[in-house]
Enquirer: 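Have a look at this one.
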Amino acid sequence: MTPMKKNQLPPALIANLQGVLAGRKESGSSNGDGEEKETVSNEEMRVSPSDDGSGLLQPGSKPIVLVTNGDGIESPGIVLLVEALVREDLCDLFVCAPESDKSSSGHSVSFPETVAASSVEINGAVAFAVSGTPADCVSLAFSGTLFPWSKPALVISGINKGTSCGRHIFYSGAVAGAREALMSGIPALSISLNLRKDENQESNFKDAVDVCLPLIRAAIRDADKGAFLKGCLLNIEIPGSPSTSKGFKVTRESLQRPVLSWQAVSANRHPGQYMSMHQSLGVQLAQLSRDASAAGAARRASTQKKIVEVESVAAAGKPEQRETIKKFFRLEFLQKELEDLDDELDFRAVENGYIAVTPVHMNVHFEPEIQAFTSDWLSSALSEHGEASSGQKEY
């Protein structure tokens, strides 16, 4: 498949995108003094190479953009995205991404472990590979200890392979990177490519970058002006064949969730020995299926191996043998079919060939009835505890 050029986007896609972003610039310019203050703040955050030969970064004229991801800094999605952003030359680009695959790490952080940040050569960008999670990468970048700034104009997390629709956002490292930015008040995009195992990975990622560039350009522009969405991030899900997509569609988060399927594997083979962190999702799933079949045959042919541990017991003055059974399991993410036919939901839009753009909010507002029910339940629970305590007899 030939990657799409900048001037070869499908007209329907461009029209759809223009509709999604219509009015952003006008709404931003109507902020008056508020926008002016935000613009000044962004000016203060900009950096550019120093002219004094020191190599230090000084105040510049472009907005700062941080790129991270969940698949790791060497994955094709982030590599191709960074290359495109460097060519665009719209921003001062910084990259802080996991050194290995953390695509299903969720919003975990590496406390209290020490993480390492290793410089990576990327022409046109300052880049570090971090031995932590996407949330670690973003919070470290914001700390002011790694880069000469603490507040970028925009964070882009991606492009990651696999889905981030529905409840997948709770497992997704890519969404976690964007969410960590949002928690600090920074506009953020999370971008995922819903690849199938029979699709060409590099070609499809190139197409994904091309179709997203108009959206990214607008996001950089509006974030720099303080006119981007407030209080939410945009979770962007691209169909497996981006060049044939029908355009962008604003969607709602669905209830789609993966089924966590645990498979027993052979006890004499450590799970980490036969799955590369950089394999495609399709290859991983195929390998999992083969391993599960082999493990089942092994279990039927022999009993579970027992590992004997020897523990020194000082009080008795002699060692005591204790048998411990160690088992190995592998987790598979399986898709659960949903019967919801609502075309406005994220996963359904992707199935129908659209690029789903879903606002993900941080603030969770409960219905008044839920608040009232919780209050009544808590009063009842504490009341029962008080009655039980007062009814106890003393001896």
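Position 1 is the first residue of the sequence; numbering continues from there.
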Enquirer: What pair of heavy atoms forms the shortest contact from G132 to P98, and how long is it?
Expert: O-CB, 3.5 Å
Enquirer: SG of C96 to CG of L146: how many Å apart, nearest 0.5 Å?
Expert: 5.5 Å
Enquirer: With a 4.5 Å heavy-atom cut-off, do D92 and F94 have their side chains touching?
Expert: yes
Enquirer: Assess the residue pair T251 and T358 against the criterion (side chain to side chain donor-acceptor pair (under 3.5 Å)); give the C-alpha distance rounded to whole Å, side-chain angles, the decisive distance to 0.1 Å, and a yes or no.
Expert: CA-CA 5 Å; T251 57; T358 308; 2.6 Å; yes
Enquirer: Hey, could you give me the CG/CD distance between N194 and E351, rounded to the nearest 0.5 Å?
Expert: 9.0 Å
Enquirer: To the nearest 0.5 angstrom, please state how far the CG atom of L215 sits from the CG atom of L234.
Expert: 7.0 Å
Enquirer: Counting N and O atoms only, with roles assigned by atom type, does the side chain of N160 sit under 3.5 Å from a partner on the main chain of S192, one being a donor and the other an acceptor?
Expert: no
Enquirer: Checking the side chain of S157 only, and the main-chain atoms of A174 only, is there a donor and an acceptor separated by less than 3.5 Å?
Expert: yes
Enquirer: Do the side chains of D89 and K62 get close enough for a salt bridge, i.e. N-O under 4.0 angstrom?
Expert: yes
Enquirer: Under 3.5 Å, side chain of S241 to main-chain N/O of S243, donor-acceptor pair present?
Expert: no
Enquirer: Do F142 and P152 touch side chain to side chain, with heavy atoms closer than 4.5 Å?
Expert: yes
Enquirer: Using 0.5 Å steps for rounding, measure from the CD1 atom of I78 to the CD1 atom of I191.
Expert: 10.5 Å
Enquirer: So do the side chains of F205 and K161 get within less than 4.5 Å of each other, counting heavy atoms only?
Expert: yes
Enquirer: Out of curiosity, D346 CG to E253 CD, how far, rounded to the nearest 0.5 Å?
Expert: 6.5 Å
Enquirer: Any donor-acceptor pair under 3.5 Å linking the side chain of S131 with the backbone of A116?
Expert: yes
Enquirer: Determine the minimum heavy-atom distance between G173 and P134, stating which atoms define it.
Expert: O-CB, 3.2 Å
Enquirer: Any heavy-atom pair between the side chains of I220 and R217 that's under 4.5 Å?
Expert: no
Enquirer: When clusters are formed by joining ILVMFWY residues with side-chain heavy atoms under 4.5 Å apart, either directly or through shared neighbours, do L233 and V350 land in the same one?
Expert: no
Enquirer: Examine L66 and V109 and state if one hydrophobic cluster contains both, with Ile, Leu, Val, Met, Phe, Trp and Tyr joined whenever side-chain heavy atoms are less than 4.5 Å apart.
Expert: no
Enquirer: Okay, side chain of E74, backbone of E99: is any donor-acceptor separation there less than 3.5 Å?
Expert: no
Enquirer: Does any N or O in the side chain of K246 come within less than 3.5 Å of the main-chain N or O of T244, such that one atom is a donor and the other an acceptor?
Expert: no
Enquirer: Can you establish whether the number of heavy atoms outside N123 located under 6.0 Å from its atom CG is more than 12?
Expert: no
Enquirer: Can you check whether L189 reaches V155 side chain to side chain, under 4.5 Å on heavy atoms?
Expert: no
Enquirer: Which heavy atom of T133 sits nearest to which heavy atom of S108, and what is that distance?
Expert: OG1-O, 2.6 Å
Enquirer: What pair of heavy atoms forms the shortest contact from F248 to C212, and how long is it?
Expert: CZ-CA, 4.5 Å
Enquirer: Any chance you could lay out the side chain to side chain contact (heavy atoms under 4.5 Å, CB included) test for H107 and M183, step after step, and finish with the verdict?
Expert: CA-CA 12 Å; H107 208 114; M183 290 168 61; 3.8 Å; yes
Enquirer: In the structure I gave you, are the side-chain heavy atoms of V95 and V126 within less than 4.5 Å of one another anywhere?
Expert: no
Enquirer: Counting N and O atoms only, with roles assigned by atom type, does the side chain of S379 sit under 3.5 Å from a partner on the main chain of S375, one being a donor and the other an acceptor?
Expert: yes
Enquirer: Please find the pair of heavy atoms, one from G70 and one from D101, that lie closest to each other, and give the distance.
Expert: O-OD1, 3.5 Å
Enquirer: Under 3.5 Å, is there a donor-acceptor pair between the side chain of S172 and the main chain of V175?
Expert: yes
Enquirer: Given 3.5 Å as the limit, does a donor-acceptor pair link the side chain of S143 with the main chain of L140, or not?
Expert: yes
Enquirer: Taking the ring of F128 and the ring of F147, is the distance between their centroids below 6.0 Å?
Expert: yes
Enquirer: For the residue pair E344 and K249, establish whether any side-chain heavy-atom pair is separated by less than 4.5 Å.
Expert: yes
Enquirer: Looking at L193, V209, I355, which one forms a side chain to side chain contact (heavy atoms under 4.5 Å, CB included) with P242?
Expert: L193
Enquirer: So, taking the atom named CG in L81 and the one named CD1 in I159, what distance separates them when rounded to the nearest 0.5 Å?
Expert: 5.0 Å
Enquirer: Do the side chains of L90 and L85 get nearer than 4.5 Å, heavy atoms only?
Expert: no
Enquirer: So, R179 side chain and I169 main chain: donor-acceptor pair closer than 3.5 Å or not?
Expert: yes
Enquirer: Between N69 and S75, does a side chain to side chain donor-acceptor pair (under 3.5 Å) hold up when you go through it step by step?
Expert: CA-CA 9 Å; N69 76 341; S75 63; 3.0 Å; yes
Enquirer: Same cluster or not: are F111 and V115 linked, directly or through other Ile, Leu, Val, Met, Phe, Trp or Tyr residues, by side-chain heavy atoms under 4.5 angstrom apart?
Expert: no
Enquirer: Which pair of non-hydrogen atoms, one from A208 and one from I238, has the smallest distance, and what is that distance?
Expert: CB-CD1, 3.8 Å
Enquirer: If you apply the rule side chain to side chain donor-acceptor pair (under 3.5 Å), what do you find for S164 with E237, and how did you get there?
Expert: CA-CA 7 Å; S164 293; E237 181 89 2; 4.6 Å; no
